[in-house]
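Inspection log for the structure reproduced underneath, given as C-alpha coordinates.
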Number of protein chains: 2
Amino acid sequence: MNNDALPPGGTASSRIFETLRQDLVRGRFAAGEKLAINALRERYQVGLSPLREALNKLAAFGLLVQENQRGFRVPGLNEAELEDIARLRIELEGMAFERAIVQGDAQWEADLLGAAHRLKRADKTQDMGEAWEALHTRFHRTLVAPCGSAWLIRFIEQLHDQFDRYRRLGANPPVIRQPLDDQHQKLVELALARDAQAGRALMGDHIRQSFDVALAHYRQHT
Amino acid sequence: MNNDALPPGGTASSRIFETLRQDLVRGRFAAGEKLAINALRERYQVGLSPLREALNKLAAFGLLVQENQRGFRVPGLNEAELEDIARLRIELEGMAFERAIVQGDAQWEADLLGAAHRLKRADKTQDMGEAWEALHTRFHRTLVAPCGSAWLIRFIEQLHDQFDRYRRLGANPPVIRQPLDDQHQKLVELALARDAQAGRALMGDHIRQSFDVALAHYRQHT
DNA sequence: TTTCATAAAAAAATCGATTATTTTTAAAAG
DNA sequence: CTTTTAAAAATAATCGATTTTTTTATGAAA
(Lines give C-alpha, C1' and ligand atoms only; values in the text may rest on other atoms or scores of the structure.)
Protein backbone atom coordinates (compact mmCIF):
# COMPACT_ATOMS: atom_id res chain seq x y z
CA MET A 1 0.00 0.00 0.00
CA ASN A 2 1.21 3.48 -0.83
CA ASN A 3 1.32 5.66 2.25
CA ASP A 4 3.19 8.46 0.52
CA ALA A 5 0.50 10.22 -1.45
CA LEU A 6 1.35 13.87 -2.03
CA PRO A 7 -0.67 16.75 -0.62
CA PRO A 8 -3.11 18.36 -3.04
CA GLY A 9 -2.76 21.78 -4.64
CA GLY A 10 0.06 23.52 -6.47
CA THR A 11 2.23 21.88 -9.08
CA ALA A 12 3.49 18.32 -8.87
CA SER A 13 6.96 19.79 -8.55
CA SER A 14 6.12 21.97 -5.55
CA ARG A 15 4.24 19.15 -3.83
CA ILE A 16 6.99 16.59 -4.17
CA PHE A 17 9.47 19.24 -3.06
CA GLU A 18 7.63 19.92 0.17
CA THR A 19 7.01 16.25 0.85
CA LEU A 20 10.64 15.34 0.31
CA ARG A 21 11.82 18.28 2.39
CA GLN A 22 9.80 17.07 5.32
CA ASP A 23 10.83 13.46 4.88
CA LEU A 24 14.48 14.52 4.79
CA VAL A 25 14.15 16.60 7.94
CA ARG A 26 12.26 13.79 9.65
CA GLY A 27 15.03 11.38 8.85
CA ARG A 28 13.01 9.06 6.65
CA PHE A 29 16.12 8.70 4.53
CA ALA A 30 19.39 7.52 5.98
CA ALA A 31 22.21 10.04 6.18
CA GLY A 32 24.59 9.56 3.28
CA GLU A 33 22.07 7.45 1.39
CA LYS A 34 22.12 7.57 -2.36
CA LEU A 35 18.67 8.38 -3.69
CA ALA A 36 17.37 5.99 -6.32
CA ILE A 37 15.35 8.29 -8.53
CA ASN A 38 13.25 5.52 -10.01
CA ALA A 39 12.38 4.23 -6.56
CA LEU A 40 11.29 7.74 -5.55
CA ARG A 41 9.21 8.00 -8.69
CA GLU A 42 7.47 4.82 -7.68
CA ARG A 43 7.17 5.57 -3.97
CA TYR A 44 5.70 9.04 -4.35
CA GLN A 45 3.85 8.31 -7.57
CA VAL A 46 5.30 11.27 -9.37
CA GLY A 47 6.78 11.88 -12.81
CA LEU A 48 10.47 12.19 -13.51
CA SER A 49 10.50 15.88 -14.47
CA PRO A 50 8.81 17.33 -11.37
CA LEU A 51 10.83 14.95 -9.23
CA ARG A 52 14.13 16.10 -10.67
CA GLU A 53 13.12 19.73 -10.33
CA ALA A 54 12.37 19.14 -6.66
CA LEU A 55 15.67 17.33 -6.11
CA ASN A 56 17.55 20.20 -7.71
CA LYS A 57 15.82 22.67 -5.43
CA LEU A 58 16.50 20.58 -2.35
CA ALA A 59 20.15 20.42 -3.31
CA ALA A 60 20.22 24.20 -3.56
CA PHE A 61 18.88 24.39 -0.01
CA GLY A 62 21.53 21.98 1.21
CA LEU A 63 19.09 19.20 2.04
CA LEU A 64 20.63 17.05 -0.67
CA VAL A 65 24.05 16.80 -2.20
CA GLN A 66 24.18 16.78 -5.96
CA GLU A 67 27.07 15.25 -7.84
CA ASN A 68 27.20 15.79 -11.55
CA GLN A 69 26.37 12.68 -13.51
CA ARG A 70 25.83 10.65 -10.37
CA GLY A 71 22.60 11.88 -8.96
CA PHE A 72 21.63 12.94 -5.49
CA ARG A 73 22.45 11.75 -2.01
CA VAL A 74 21.38 12.62 1.50
CA PRO A 75 24.07 14.68 3.23
CA GLY A 76 26.00 12.89 5.94
CA LEU A 77 25.82 13.88 9.59
CA ASN A 78 28.78 14.82 11.73
CA GLU A 79 29.44 16.49 15.00
CA ALA A 80 31.46 19.34 13.57
CA GLU A 81 28.65 20.36 11.27
CA LEU A 82 26.07 20.18 14.04
CA GLU A 83 28.27 22.54 16.04
CA ASP A 84 28.58 24.83 13.06
CA ILE A 85 24.83 24.90 12.56
CA ALA A 86 24.11 25.50 16.26
CA ARG A 87 26.69 28.23 16.50
CA LEU A 88 25.25 30.04 13.51
CA ARG A 89 21.73 29.60 14.82
CA ILE A 90 22.81 31.28 18.05
CA GLU A 91 24.16 34.24 16.13
CA LEU A 92 21.37 34.58 13.59
CA GLU A 93 18.36 33.77 15.74
CA GLY A 94 19.79 35.81 18.56
CA MET A 95 20.15 38.75 16.21
CA ALA A 96 16.69 38.23 14.74
CA PHE A 97 14.98 37.87 18.10
CA GLU A 98 16.68 40.98 19.40
CA ARG A 99 15.44 42.95 16.41
CA ALA A 100 11.99 41.42 16.72
CA ILE A 101 11.74 42.50 20.34
CA VAL A 102 12.59 46.05 19.30
CA GLN A 103 10.32 46.17 16.29
CA GLY A 104 7.46 43.79 17.02
CA ASP A 105 4.03 45.35 17.49
CA ALA A 106 0.96 44.44 19.52
CA GLN A 107 -0.16 41.93 16.92
CA TRP A 108 3.15 40.14 17.36
CA GLU A 109 2.66 39.92 21.10
CA ALA A 110 -0.73 38.33 20.51
CA ASP A 111 0.70 35.92 17.93
CA LEU A 112 3.46 34.95 20.32
CA LEU A 113 1.08 34.22 23.15
CA GLY A 114 -1.09 32.20 20.81
CA ALA A 115 1.78 30.17 19.37
CA ALA A 116 3.23 29.55 22.82
CA HIS A 117 -0.11 28.48 24.18
CA ARG A 118 -0.82 26.02 21.39
CA LEU A 119 2.67 24.59 21.80
CA LYS A 120 2.27 24.21 25.55
CA ARG A 121 -1.06 22.43 25.16
CA ALA A 122 0.48 20.03 22.66
CA ASP A 123 3.30 19.42 25.13
CA LYS A 124 0.85 17.99 27.60
CA THR A 125 -1.73 16.26 25.47
CA GLN A 126 0.19 14.88 22.52
CA ASP A 127 3.00 12.40 22.29
CA MET A 128 5.53 14.71 20.73
CA GLY A 129 4.36 13.72 17.26
CA GLU A 130 4.27 15.69 14.05
CA ALA A 131 1.56 17.95 15.44
CA TRP A 132 3.93 19.10 18.15
CA GLU A 133 6.73 19.51 15.64
CA ALA A 134 4.62 21.76 13.44
CA LEU A 135 3.65 23.94 16.41
CA HIS A 136 7.24 24.10 17.59
CA THR A 137 8.41 25.24 14.18
CA ARG A 138 5.67 27.83 14.05
CA PHE A 139 6.54 29.11 17.53
CA HIS A 140 10.17 29.68 16.62
CA ARG A 141 9.13 31.28 13.36
CA THR A 142 6.87 33.67 15.25
CA LEU A 143 9.65 34.64 17.65
CA VAL A 144 11.72 36.16 14.85
CA ALA A 145 8.98 37.13 12.41
CA PRO A 146 9.12 40.91 12.86
CA CYS A 147 12.93 41.15 12.71
CA GLY A 148 12.58 43.06 9.47
CA SER A 149 14.97 40.97 7.40
CA ALA A 150 13.61 38.54 4.84
CA TRP A 151 17.09 37.18 4.21
CA LEU A 152 17.78 36.58 7.87
CA ILE A 153 14.54 34.64 8.19
CA ARG A 154 15.38 32.66 5.12
CA PHE A 155 18.76 31.61 6.51
CA ILE A 156 17.31 30.82 9.92
CA GLU A 157 14.73 28.50 8.44
CA GLN A 158 17.36 26.77 6.40
CA LEU A 159 19.42 26.21 9.52
CA HIS A 160 16.36 24.96 11.39
CA ASP A 161 15.80 22.27 8.80
CA GLN A 162 19.43 21.26 9.07
CA PHE A 163 19.41 21.30 12.85
CA ASP A 164 16.25 19.22 13.01
CA ARG A 165 17.91 16.46 11.02
CA TYR A 166 20.04 15.94 14.12
CA ARG A 167 17.49 16.78 16.78
CA ARG A 168 14.98 14.34 15.36
CA LEU A 169 17.40 11.45 15.37
CA GLY A 170 15.96 10.46 18.76
CA ALA A 171 12.83 10.89 20.84
CA ASN A 172 12.36 13.74 23.33
CA PRO A 173 10.72 12.43 26.49
CA PRO A 174 9.12 14.99 28.83
CA VAL A 175 12.15 14.89 31.12
CA ILE A 176 14.28 16.20 28.30
CA ARG A 177 11.64 18.61 27.04
CA GLN A 178 10.78 20.24 30.34
CA PRO A 179 13.65 22.75 30.57
CA LEU A 180 13.34 23.59 26.88
CA ASP A 181 9.63 24.21 27.24
CA ASP A 182 10.28 26.45 30.24
CA GLN A 183 12.63 28.46 28.08
CA HIS A 184 9.92 28.89 25.46
CA GLN A 185 7.78 30.41 28.15
CA LYS A 186 10.54 32.72 29.31
CA LEU A 187 11.30 33.80 25.76
CA VAL A 188 7.74 35.03 25.44
CA GLU A 189 7.98 36.84 28.76
CA LEU A 190 11.15 38.65 27.72
CA ALA A 191 9.56 39.57 24.41
CA LEU A 192 6.55 41.07 26.15
CA ALA A 193 8.87 42.85 28.59
CA ARG A 194 10.76 44.21 25.56
CA ASP A 195 14.08 43.13 27.01
CA ALA A 196 16.07 42.70 23.81
CA GLN A 197 19.40 42.01 25.51
CA ALA A 198 18.09 39.32 27.81
CA GLY A 199 15.98 37.91 24.99
CA ARG A 200 18.99 37.45 22.80
CA ALA A 201 20.92 35.85 25.63
CA LEU A 202 18.15 33.42 26.47
CA MET A 203 17.74 32.51 22.82
CA GLY A 204 21.41 31.59 22.87
CA ASP A 205 20.94 29.43 25.96
CA HIS A 206 17.93 27.78 24.42
CA ILE A 207 19.76 26.83 21.25
CA ARG A 208 22.74 25.61 23.28
CA GLN A 209 20.45 23.35 25.28
CA SER A 210 18.79 22.05 22.14
CA PHE A 211 22.26 21.45 20.78
CA ASP A 212 23.13 19.29 23.77
CA VAL A 213 20.03 17.21 23.16
CA ALA A 214 20.68 16.91 19.43
CA LEU A 215 24.31 16.01 20.05
CA ALA A 216 23.31 13.28 22.47
CA HIS A 217 20.90 11.91 19.90
CA TYR A 218 23.58 12.01 17.25
CA ARG A 219 26.11 10.18 19.40
CA GLN A 220 23.59 7.55 20.40
CA HIS A 221 22.60 7.18 16.79
CA THR A 222 26.06 6.31 15.46
CA MET B 1 24.87 35.10 -34.11
CA ASN B 2 24.67 33.29 -30.83
CA ASN B 3 26.97 34.85 -28.26
CA ASP B 4 25.61 32.83 -25.39
CA ALA B 5 27.25 29.47 -25.84
CA LEU B 6 27.58 27.62 -22.56
CA PRO B 7 30.91 26.72 -20.97
CA PRO B 8 32.05 23.13 -21.52
CA GLY B 9 32.15 20.39 -18.92
CA GLY B 10 29.63 19.08 -16.43
CA THR B 11 25.98 18.49 -17.19
CA ALA B 12 23.86 20.73 -19.36
CA SER B 13 21.89 21.54 -16.23
CA SER B 14 24.92 22.68 -14.24
CA ARG B 15 26.27 24.70 -17.14
CA ILE B 16 23.08 26.59 -17.83
CA PHE B 17 22.70 27.15 -14.09
CA GLU B 18 26.09 28.81 -13.78
CA THR B 19 25.62 30.84 -16.94
CA LEU B 20 22.22 32.10 -15.85
CA ARG B 21 23.49 32.84 -12.36
CA GLN B 22 26.18 35.07 -13.77
CA ASP B 23 23.87 36.74 -16.23
CA LEU B 24 21.41 37.48 -13.44
CA VAL B 25 24.10 38.96 -11.20
CA ARG B 26 25.47 40.96 -14.11
CA GLY B 27 22.06 42.43 -14.77
CA ARG B 28 21.60 41.00 -18.24
CA PHE B 29 17.96 40.55 -17.33
CA ALA B 30 15.81 43.44 -16.21
CA ALA B 31 14.66 43.44 -12.60
CA GLY B 32 11.12 42.16 -12.36
CA GLU B 33 11.27 40.70 -15.85
CA LYS B 34 9.26 37.60 -16.58
CA LEU B 35 11.48 34.94 -18.10
CA ALA B 36 10.23 33.45 -21.33
CA ILE B 37 11.39 29.88 -21.06
CA ASN B 38 11.22 29.22 -24.77
CA ALA B 39 13.29 32.30 -25.50
CA LEU B 40 15.91 31.10 -23.00
CA ARG B 41 15.89 27.70 -24.66
CA GLU B 42 16.65 29.36 -27.93
CA ARG B 43 19.14 31.91 -26.63
CA TYR B 44 21.29 29.48 -24.68
CA GLN B 45 20.71 26.54 -27.00
CA VAL B 46 19.69 24.21 -24.23
CA GLY B 47 16.93 21.68 -23.73
CA LEU B 48 13.85 22.28 -21.65
CA SER B 49 14.62 19.80 -18.86
CA PRO B 50 18.08 21.04 -17.89
CA LEU B 51 16.86 24.61 -18.25
CA ARG B 52 13.96 24.09 -15.87
CA GLU B 53 16.20 22.31 -13.39
CA ALA B 54 18.53 25.30 -13.42
CA LEU B 55 15.66 27.75 -13.01
CA ASN B 56 14.38 25.80 -10.02
CA LYS B 57 17.79 25.89 -8.42
CA LEU B 58 18.20 29.60 -9.06
CA ALA B 59 14.82 30.20 -7.44
CA ALA B 60 15.98 28.26 -4.38
CA PHE B 61 18.98 30.58 -4.14
CA GLY B 62 16.76 33.62 -4.40
CA LEU B 63 18.06 34.71 -7.78
CA LEU B 64 14.68 34.05 -9.32
CA VAL B 65 11.15 34.14 -8.04
CA GLN B 66 9.02 31.16 -8.86
CA GLU B 67 5.26 31.36 -9.01
CA ASN B 68 3.35 28.14 -9.35
CA GLN B 69 1.86 27.70 -12.77
CA ARG B 70 3.23 31.00 -13.98
CA GLY B 71 6.90 30.42 -14.37
CA PHE B 72 9.87 32.41 -13.22
CA ARG B 73 10.69 36.06 -12.94
CA VAL B 74 13.70 38.15 -12.02
CA PRO B 75 13.30 39.56 -8.50
CA GLY B 76 12.66 43.27 -8.29
CA LEU B 77 15.11 45.70 -6.75
CA ASN B 78 14.35 48.05 -3.90
CA GLU B 79 16.20 50.18 -1.44
CA ALA B 80 14.92 48.40 1.64
CA GLU B 81 16.17 45.06 0.43
CA LEU B 82 19.57 46.47 -0.49
CA GLU B 83 19.82 47.79 3.06
CA ASP B 84 18.78 44.42 4.41
CA ILE B 85 21.41 42.63 2.33
CA ALA B 86 24.16 45.09 3.26
CA ARG B 87 23.31 44.94 6.94
CA LEU B 88 23.45 41.17 6.93
CA ARG B 89 26.68 41.19 4.97
CA ILE B 90 28.20 43.40 7.65
CA GLU B 91 27.17 40.95 10.34
CA LEU B 92 28.07 37.76 8.54
CA GLU B 93 31.22 38.79 6.73
CA GLY B 94 32.40 40.64 9.81
CA MET B 95 31.89 37.50 11.86
CA ALA B 96 33.55 35.31 9.24
CA PHE B 97 36.54 37.59 8.76
CA GLU B 98 37.06 37.81 12.50
CA ARG B 99 37.10 34.04 12.76
CA ALA B 100 39.34 33.75 9.72
CA ILE B 101 41.88 36.10 11.27
CA VAL B 102 41.95 33.92 14.36
CA GLN B 103 42.06 30.61 12.57
CA GLY B 104 43.81 31.29 9.25
CA ASP B 105 47.24 29.74 8.76
CA ALA B 106 50.34 30.70 6.83
CA GLN B 107 48.89 29.36 3.59
CA TRP B 108 45.96 31.72 4.04
CA GLU B 109 48.28 34.68 4.44
CA ALA B 110 49.97 33.74 1.19
CA ASP B 111 46.63 33.27 -0.58
CA LEU B 112 45.45 36.65 0.67
CA LEU B 113 48.54 38.43 -0.57
CA GLY B 114 48.19 36.69 -3.91
CA ALA B 115 44.52 37.49 -4.32
CA ALA B 116 45.06 41.10 -3.26
CA HIS B 117 47.95 41.50 -5.64
CA ARG B 118 46.10 40.12 -8.63
CA LEU B 119 43.16 42.36 -7.82
CA LYS B 120 45.35 45.44 -7.50
CA ARG B 121 47.02 44.76 -10.82
CA ALA B 122 43.64 44.36 -12.49
CA ASP B 123 42.60 47.66 -10.92
CA LYS B 124 45.29 49.45 -12.87
CA THR B 125 45.48 47.59 -16.13
CA GLN B 126 41.94 46.50 -16.89
CA ASP B 127 38.81 48.46 -17.47
CA MET B 128 36.85 47.08 -14.51
CA GLY B 129 35.53 44.32 -16.73
CA GLU B 130 34.57 40.77 -15.90
CA ALA B 131 38.18 39.88 -15.22
CA TRP B 132 38.27 42.38 -12.39
CA GLU B 133 34.92 41.17 -11.10
CA ALA B 134 36.15 37.58 -10.93
CA LEU B 135 39.28 38.65 -9.01
CA HIS B 136 37.24 40.82 -6.68
CA THR B 137 34.91 37.93 -5.90
CA ARG B 138 37.84 35.65 -5.31
CA PHE B 139 39.52 38.18 -3.02
CA HIS B 140 36.47 38.48 -0.80
CA ARG B 141 36.07 34.73 -0.79
CA THR B 142 39.67 34.34 0.33
CA LEU B 143 39.20 36.83 3.17
CA VAL B 144 36.66 34.60 4.90
CA ALA B 145 37.76 31.20 3.64
CA PRO B 146 39.26 29.84 6.89
CA CYS B 147 36.38 30.98 9.10
CA GLY B 148 35.56 27.34 9.74
CA SER B 149 31.87 27.48 8.87
CA ALA B 150 30.66 26.05 5.59
CA TRP B 151 27.19 27.42 6.22
CA LEU B 152 28.43 30.90 6.94
CA ILE B 153 30.36 30.92 3.68
CA ARG B 154 27.34 29.64 1.83
CA PHE B 155 25.17 32.45 3.12
CA ILE B 156 27.83 35.07 2.48
CA GLU B 157 28.17 34.03 -1.13
CA GLN B 158 24.43 34.11 -1.57
CA LEU B 159 24.35 37.65 -0.22
CA HIS B 160 27.24 38.63 -2.45
CA ASP B 161 25.31 37.59 -5.53
CA GLN B 162 22.33 39.57 -4.33
CA PHE B 163 24.41 42.61 -3.44
CA ASP B 164 26.15 42.57 -6.80
CA ARG B 165 22.83 42.84 -8.59
CA TYR B 166 22.70 46.35 -7.17
CA ARG B 167 26.37 47.22 -7.26
CA ARG B 168 26.65 46.29 -10.90
CA LEU B 169 23.79 48.51 -11.96
CA GLY B 170 26.35 51.19 -12.76
CA ALA B 171 30.03 51.57 -13.64
CA ASN B 172 32.73 52.10 -11.01
CA PRO B 173 35.22 54.67 -12.26
CA PRO B 174 38.62 54.81 -10.52
CA VAL B 175 37.51 57.79 -8.46
CA ILE B 176 34.85 55.65 -6.86
CA ARG B 177 37.03 52.57 -6.63
CA GLN B 178 40.06 54.19 -5.02
CA PRO B 179 38.89 54.24 -1.39
CA LEU B 180 37.43 50.75 -1.70
CA ASP B 181 40.67 49.43 -3.13
CA ASP B 182 42.58 51.05 -0.29
CA GLN B 183 40.37 49.22 2.13
CA HIS B 184 41.16 45.92 0.41
CA GLN B 185 44.78 46.62 1.10
CA LYS B 186 44.15 47.48 4.72
CA LEU B 187 42.04 44.37 5.20
CA VAL B 188 45.01 42.27 4.20
CA GLU B 189 47.27 44.21 6.55
CA LEU B 190 44.93 43.67 9.50
CA ALA B 191 44.68 39.99 8.63
CA LEU B 192 48.45 39.63 8.61
CA ALA B 193 48.65 41.61 11.85
CA ARG B 194 46.06 39.20 13.29
CA ASP B 195 43.93 42.06 14.54
CA ALA B 196 40.54 40.38 14.56
CA GLN B 197 38.66 43.25 16.17
CA ALA B 198 39.94 45.91 13.81
CA GLY B 199 39.51 43.52 10.88
CA ARG B 200 35.88 43.04 11.65
CA ALA B 201 35.36 46.76 12.04
CA LEU B 202 37.05 47.58 8.77
CA MET B 203 35.07 44.90 6.98
CA GLY B 204 31.98 46.67 8.23
CA ASP B 205 33.23 50.00 6.93
CA HIS B 206 34.10 48.45 3.62
CA ILE B 207 30.66 46.97 3.12
CA ARG B 208 29.05 50.24 4.20
CA GLN B 209 31.06 52.10 1.58
CA SER B 210 30.16 49.57 -1.07
CA PHE B 211 26.58 49.98 0.00
CA ASP B 212 26.77 53.72 -0.60
CA VAL B 213 28.04 53.08 -4.10
CA ALA B 214 25.43 50.44 -4.83
CA LEU B 215 22.68 52.65 -3.46
CA ALA B 216 23.78 55.52 -5.67
CA HIS B 217 23.72 53.22 -8.67
CA TYR B 218 20.29 51.99 -7.74
CA ARG B 219 18.86 55.48 -7.36
CA GLN B 220 20.39 56.60 -10.63
CA HIS B 221 19.07 53.50 -12.28
CA THR B 222 15.40 54.04 -11.43
C1' DT C 1 45.10 -13.62 -6.19
C1' DT C 2 45.33 -8.75 -8.10
C1' DT C 3 45.04 -5.67 -11.99
C1' DC C 4 43.33 -4.30 -16.15
C1' DA C 5 40.30 -4.20 -20.07
C1' DT C 6 35.91 -5.02 -21.99
C1' DA C 7 30.97 -5.95 -22.11
C1' DA C 8 26.58 -5.71 -19.95
C1' DA C 9 23.53 -3.51 -16.91
C1' DA C 10 21.92 0.27 -14.39
C1' DA C 11 21.28 4.88 -13.62
C1' DA C 12 21.41 9.81 -14.81
C1' DA C 13 20.53 13.28 -17.94
C1' DT C 14 18.28 14.99 -21.84
C1' DC C 15 14.98 15.34 -25.58
C1' DG C 16 10.60 15.93 -28.08
C1' DA C 17 5.90 15.67 -27.61
C1' DT C 18 1.68 16.02 -24.81
C1' DT C 19 -1.28 17.90 -21.35
C1' DA C 20 -2.86 21.43 -18.30
C1' DT C 21 -3.13 26.15 -17.06
C1' DT C 22 -2.95 30.93 -17.78
C1' DT C 23 -3.16 34.89 -20.65
C1' DT C 24 -4.85 37.26 -24.45
C1' DT C 25 -8.23 38.34 -27.74
C1' DA C 26 -12.60 39.27 -29.36
C1' DA C 27 -17.39 39.28 -29.17
C1' DA C 28 -21.70 39.88 -26.54
C1' DA C 29 -24.31 41.77 -22.83
C1' DG C 30 -25.34 45.22 -19.61
C1' DC D 1 -18.30 52.66 -22.90
C1' DT D 2 -17.42 49.01 -19.28
C1' DT D 3 -17.86 44.46 -17.86
C1' DT D 4 -18.53 39.63 -18.78
C1' DT D 5 -18.00 35.51 -21.29
C1' DA D 6 -16.07 32.34 -24.58
C1' DA D 7 -12.65 31.01 -27.74
C1' DA D 8 -7.99 31.06 -29.22
C1' DA D 9 -3.28 31.48 -28.36
C1' DA D 10 0.57 31.26 -25.53
C1' DT D 11 2.96 29.45 -21.85
C1' DA D 12 3.95 26.27 -18.02
C1' DA D 13 4.20 21.76 -16.43
C1' DT D 14 4.45 17.00 -17.16
C1' DC D 15 5.12 12.60 -19.49
C1' DG D 16 7.42 8.75 -21.91
C1' DA D 17 11.16 7.58 -24.61
C1' DT D 18 16.05 8.19 -25.93
C1' DT D 19 20.76 9.20 -25.19
C1' DT D 20 24.69 9.49 -22.38
C1' DT D 21 27.39 8.26 -18.55
C1' DT D 22 28.52 5.54 -14.68
C1' DT D 23 28.55 1.30 -12.29
C1' DT D 24 28.78 -3.51 -12.10
C1' DA D 25 30.05 -7.90 -13.92
C1' DT D 26 33.11 -10.88 -16.47
C1' DG D 27 37.19 -12.77 -18.06
C1' DA D 28 42.10 -12.32 -19.59
C1' DA D 29 46.77 -11.01 -18.40
C1' DA D 30 50.28 -10.02 -14.96
Side-chain angles (χ1 to χ4, degrees), chain A residues 2 4-21 23-24 28-76, chain B residues 2 4-21 23-24 28-76:
Chain A
N2 174 26
D4 295 295
L6 300 182
T11 63
S13 180
S14 65
R15 281 178 291 148
I16 184 61
F17 169 81
E18 185 52 26
T19 300
L20 280 174
R21 187 189 68 78
D23 285 352
L24 284 163
R28 274 188 89 175
F29 298 93
E33 176 185 351
K34 168 94 179 290
L35 291 187
I37 295 195
N38 255 8
L40 293 179
R41 234 184 90 292
E42 188 77 13
R43 175 169 168 183
Y44 294 99
Q45 291 289 299
V46 69
L48 190 59
S49 309
L51 177 56
R52 284 191 57 90
E53 289 184 10
L55 295 175
N56 271 277
K57 219 187 287 194
L58 289 163
F61 280 117
L63 279 168
L64 288 177
V65 177
Q66 182 171 23
E67 291 161 301
N68 272 353
Q69 240 82 348
R70 48 193 72 174
F72 300 84
R73 63 174 57 251
V74 181
Chain B
N2 174 25
D4 295 295
L6 299 183
T11 64
S13 181
S14 66
R15 280 178 291 147
I16 185 61
F17 169 81
E18 185 53 27
T19 301
L20 280 173
R21 188 189 67 79
D23 285 352
L24 284 163
R28 272 188 93 174
F29 299 93
E33 176 185 352
K34 168 94 180 290
L35 290 187
I37 294 195
N38 257 5
L40 293 180
R41 234 184 50 54
E42 187 77 12
R43 174 169 166 182
Y44 293 100
Q45 291 289 299
V46 69
L48 190 58
S49 309
L51 177 56
R52 285 190 58 89
E53 289 183 9
L55 294 175
N56 270 277
K57 219 187 287 193
L58 289 163
F61 280 117
L63 280 168
L64 288 177
V65 176
Q66 183 171 24
E67 292 160 302
N68 273 354
Q69 239 80 338
R70 47 194 74 174
F72 300 84
R73 63 174 58 252
V74 181

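For clarity, every value in this text was computed on a predicted model and none was experimentally measured. Throughout, protein chains are lettered first and strands after them, A, B, ... in sequence-line order, and every chain is numbered starting at 1.
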Problem set entry | Touch class at under 4.0 angstrom, heavy-atom based, for B:Thr11 against every strand present |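 Since only primed, P, OP1 and OP2 atoms lie under 4.0 Å of B:Thr11, the category is sugar-phosphate.
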Expressed as a whole number of angstroms, how long is the span from [X]:[atom1] to [N]:[atom2]?
X	N	atom1	atom2	answer
A:Phe17	D:dA13	CZ	C1'	17 Å
B:Leu35	D:dA10	CG	C1'	16 Å
B:Arg41	C:dC15	CZ	P	9 Å
B:Leu55	C:dT14	CG	P	14 Å
A:Glu53	C:dA13	CD	P	14 Å
A:Arg15	C:dA20	CZ	P	13 Å
A:Gln45	D:dG16	CD	C1'	15 Å
B:Glu42	C:dG16	CD	P	12 Å

Between [options], which one does the side chain of [X] approach most closely?
X	options	value
B:Arg70	D:dT21, C:dA12, C:dT22	C:dT22
A:Arg52	C:dT21, C:dC15, C:dT14	C:dT14
B:Ser49	D:dT14, C:dT22, C:dT14	C:dT14

Exercise. Does A:Tyr44 reach the side chain of A:Thr19, with side-chain heavy atoms less than 4.5 Å apart?
Worked result: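 Side chain of A:Tyr44 against side chain of A:Thr19, heavy atoms only: contact under 4.5 Å found.
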Exercise. Hey, are the side chains of B:Arg21 and B:Leu63 touching, using non-hydrogen atoms and a 4.5 Å cut-off?
Worked result: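 Of all side-chain heavy-atom pairs linking B:Leu63 with B:Arg21, at least one is under 4.5 Å.
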State the [atom1]-[atom2] distance between [X] and [Y], to the nearest 0.5 angstrom.
X	Y	atom1	atom2	result
A:Glu42	A:Ile37	CD	CD1	14.0 Å
B:Ile16	B:Ser49	CD1	OG	13.0 Å
A:Ser13	A:Arg52	OG	CZ	12.0 Å

Exercise. More 5' along DNA chain D: B:Glu67 or A:Leu48, using each one's nearest nucleotide?
Worked result: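 That would be B:Glu67.
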For this session: Report the residue (B:Ile37 or A:Gly47) whose heavy-atom-nearest nucleotide on DNA chain D is the more 5′ of the two.
Result: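 Whichever sits nearer the 5' end wins; that is B:Ile37.
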Exercise. Taking only N and O in the side chain of A:Lys34, is any of them less than 4.0 Å away from OP1 or OP2 of C:dA12?
Worked result: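 Yes, such a contact exists.
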